[in-house]
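Heads up, the thing below is written out as structure tokens.
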Amino acid sequence: MRLRVPGGQLPDGALRALSAVSVACADGDVHLTSRGNLQIRGIELDECGGVPSALSEAVTATGLLPSASHERVRNIVASPLTGLCGGLADVRPLVRELDAGLCADPALADLPGRFLFGIDDGRGDIAAMRCDLTAILRDPAVSTIVIGDLRGPTVPLAQVPATLIRLARHFAGIRDSVWHVRQLPRAGAEIGGRDPAPRPPACTMPYGTLGGAVSVLVPLGILTPGMVAALPDRGVVVTPWRGLVLPAESNPVALREAGFETAAESSWQRVTACTGAPGCSLAEGDTRALARRLVAGNTIDSRIHVVGCERACGAPHSPHRLAFARSTP
């Protein structure tokens with residue numbers, strides 16, 4: 001079960017409540033995705049092959065399912081440190097307004113589930129993700145909209161949510177069967193894209209104590225119950241890099257003891273893995289075990305994605321090499 005977290009902004013207490021649901025009904029962990037969303041896995045289906053109603057009710061009670069009709073399309077990423085540390089402006093209000101507008105528009109329920117909105121507060125982290133529609137702040141009051149890979153309109157900050165909604169509605173009306181803006185015949189020029197937008201350099205998420213927040217990496221994106229217990233109930237932000245941003249008063253030492261990484265040079269920044277065996281029936285080996293062995297060896301000098309089969313699910317968009325887990329230890 002995948003749960004969208006627009007802009008990574010978790011409702012108070014939601015992560016702890018979801019962890020309890022996973023312990024009771026799934027594999028016990030909460031999994032972070034590369035879009036800053038949450039998953040629970042290993043759910044035992046009911047006798048009809050569906051998700052048990054008790055599980056759906058428990059997840060709904062966490063506050064993470066505000067819209068039954070639009071849940072699959074609430075895909076919004078935003079600079080996770082916005083309003084806390086750096087950036088040209090706090091874009092969290094824009095995320096909330098965009099999410100509300102998205103859920104209120106019946107036509108947008110037909111957007112593909114992989115369509116991705118992005119709001120970058122000027123630091124370049126979200127701009128590098130190549131979303132379908134991205135608002136990139138140029139100064140505290142103005143944003144440029146990028147349509148796929150093409151430059152779109154420049155609008156006042158207050159107009160960003162309405163502009164993104166308008167462009168998404170246009171895409172939904174003409175997309176036929178394509179999933180992404182750049183897959184349109186004219187790569188997004190149909191909905192207002194013009195010249196190619198400049199590609200920003202890749203932005204590395206900082207970790208540790210950052211002044212207004214504490215940033216932690218979650219190895220393999222797996223939050224165990226013990227890790228969740230070490231987190232505060234309020235002010236938790238999920239990042240698109242399988243990490244969390246926490247309130248400034250969080251204790252880095254206690255977080256490391258619970259299993260989080262706070263060191264900027266950690267090898268876990270360069271190692272990811274697909275689900276692997278036994279969670280995936282197609283996987284030939286335990287990808288997580290191999291990933292942990294690679295990190296323990298402390299010899300990783302480039303990005304590695306560990307996979308259990310040739311599909312290489314979850315591979316990063318940045319340059320990387322693959323390591324195959326061929327047999328279960």
query: Can you hop from L108 to L94 via hydrophobic side chains spaced under 4.5 Å?
result: yes
statement: On a heavy-atom basis, the closest approach of V5 and G36 is CB-O, 3.7 Å
task: Find out whether D121 and L88 are in side-chain contact, i.e. whether some heavy atom of one side chain is under 4.5 Å from a heavy atom of the other.
output: no
- request: Can you measure from CG (L111) to CG (L102) and round to the nearest 0.5 angstrom?
  value: 6.5 Å
statement: V95 and A78 have their tightest heavy-atom pair at CG2-CB, 3.6 Å
task: Identify whether L98 and V146 are in the same connected component of the hydrophobic contact network (ILVMFWY, side-chain heavy atoms under 4.5 Å).
output: no
query: So, the side chain of T62 versus the backbone of V59: is there a donor-acceptor pair under 3.5 Å, distance only?
result: yes
message: Please evaluate residues M129 and V77 with respect to the criterion side-chain contact (heavy atoms from CB on, under 4.5 Å), reporting the C-alpha separation (whole Å), side-chain torsions for both, the decisive distance (0.1 Å), and the verdict.
response: CA-CA 9 Å; M129 290 185 64; V77 290; 4.2 Å; yes
message: Show the nearest heavy-atom pair for residues A89 and P140, with the distance to one decimal.
response: CB-O, 4.1 Å
message: With a 3.5 Å distance limit and no angle check, can you tell me whether S19 reaches the backbone of L15 through a side-chain donor-acceptor pair?
response: no
- prompt: D120 side chain to R123 main-chain N or O, any donor-acceptor pair under 3.5 Å?
  reply: yes
field: With sequence neighbours excluded, residues passing side chain to side chain contact (heavy atoms under 4.5 Å, CB included) with T239
entry: P80, M205, W241, V245
task: Using the rule that two of Ile, Leu, Val, Met, Phe, Trp, Tyr join whenever any of their side-chain heavy atoms come within less than 4.5 Å, decide whether V23 and L38 are in one cluster.
output: no
statement: To the nearest 0.5 Å, atom CG of L64 lies from atom CG of L10 at 6.5 Å
Tabulate below the donor-acceptor pairs under 3.5 Å that side-chain atoms of residues 155-169 make, not counting sequence neighbours, or state none.
residue, atom, partner, partner atom, Å
T163, OG1, Q159, O, 2.7
R169, NE, D105, OD2, 2.9
R169, NH2, D105, OD2, 2.7

- prompt: Measuring from I147:CD1 to T134:OG1, what's the distance to the nearest 0.5 Å?
  reply: 10.0 Å
- prompt: Heavy atoms, side chains only, cut-off 4.5 Å: are L246 and S215 in contact?
  reply: no
message: Run the side-chain contact (heavy atoms from CB on, under 4.5 Å) test on D233 and R16 for me, step by step, so that the C-alpha distance in whole Å, both residues' side-chain angles and the decisive distance to 0.1 Å come before the verdict.
response: CA-CA 7 Å; D233 277 332; R16 198 177 303 277; 2.6 Å; yes
field: V181 vs I191 side-chain heavy atoms within contact, under 4.5 Å
entry: yes
message: When you measure from the side chain of T262 to the backbone of V216, do you find a donor-acceptor pair of N or O atoms at a distance under 3.5 Å?
response: no
message: Can you see whether R114 engages N75 through a side-chain donor-acceptor pair at a distance of less than 3.5 angstrom?
response: no
query: What's the shortest heavy-atom distance between C280 and T275, and which atoms?
result: N-CG2, 4.2 Å
- prompt: Taking only residues two or more places apart in sequence, or in another chain, which ones meet D12 in a side chain to side chain contact (heavy atoms under 4.5 Å, CB included)?
  reply: R234
- request: Measure across T287 and G308 and return the closest heavy-atom pair with its distance rounded to 0.1 Å.
  value: CG2-N, 3.4 Å
- line: In this structure, CG of L65 is separated from CG of L3 (nearest 0.5 Å) by 5.5 Å
message: side-chain contact (heavy atoms from CB on, under 4.5 Å) for T154 and R138? Distances and angles first, verdict last.
response: CA-CA 9 Å; T154 295; R138 299 305 182 193; 5.7 Å; no
- prompt: Quick one: are R303 and P319 in side-chain contact, heavy atoms under 4.5 Å?
  reply: no
Output a table of donor-acceptor pairs, distance under 3.5 Å, between side-chain atoms of residues 218-231 and any protein atom two or more places apart or on a different chain; print 'none' if there are none.
residue, atom, partner, partner atom, Å
T224, OG1, M227, N, 3.2

message: Within the structure provided, determine whether Q183 and W179 are in side-chain contact (heavy-atom separation under 4.5 Å).
response: yes
field: Rounded distance [0.5 Å steps], CD1 in I174 versus CD in E190
entry: 5.0 Å
Option from Q9, R4, R74, H70 for which side-chain hydrogen bond (donor to acceptor under 3.5 Å, both in side chains) with D99 holds: R74
- prompt: Which value, rounded to the nearest 0.5 Å, describes the distance between S22 atom OG and I43 atom CD1?
  reply: 8.0 Å
field: D132 side-chain N/O to F117 backbone N/O, donor-acceptor pair under 3.5 Å
entry: no
- request: Evaluate the side-chain proximity of L150 to R194: yes if any heavy-atom separation is below 4.5 Å, no if none is.
  value: no
task: Identify whether L81 and I119 are in the same connected component of the hydrophobic contact network (ILVMFWY, side-chain heavy atoms under 4.5 Å).
output: no
statement: Looking only at heavy atoms, the pair that brings R35 and F115 closest together is NH1-O, 4.0 Å
- request: Take atom CZ of R311 as the centre, draw a 6.0 Å sphere, and report whether it contains more than 12 heavy atoms from other residues, nucleotides or ligands.
  value: no
- prompt: If we only count heavy atoms from C-beta on, is the P247 to P232 side-chain gap below 4.5 Å?
  reply: yes
- request: Look at the side-chain heavy atoms of Ile, Leu, Val, Met, Phe, Trp and Tyr, link any pair under 4.5 Å apart, and say whether L133 and V142 land in one connected group.
  value: no
task: Kindly write out the residues that satisfy side chain to side chain contact (heavy atoms under 4.5 Å, CB included) with V307, not counting sequence neighbours, or none if the list is empty.
output: C274, H305, A312, L322, F324
- prompt: Does the pair R41/D27 count as a salt bridge with the N-to-O cut at 4.0 Å?
  reply: no
query: Are any non-hydrogen side-chain atoms of L184 and R182 less than 4.5 angstrom apart?
result: no
query: With T209, which residues qualify under side chain to side chain contact (heavy atoms under 4.5 Å, CB included), at least two apart?
result: V214, P252
- prompt: V91 and L137: side-chain contact (heavy atoms from CB on, under 4.5 Å), yes or no, with the steps?
  reply: CA-CA 9 Å; V91 302; L137 270 65; 3.9 Å; yes
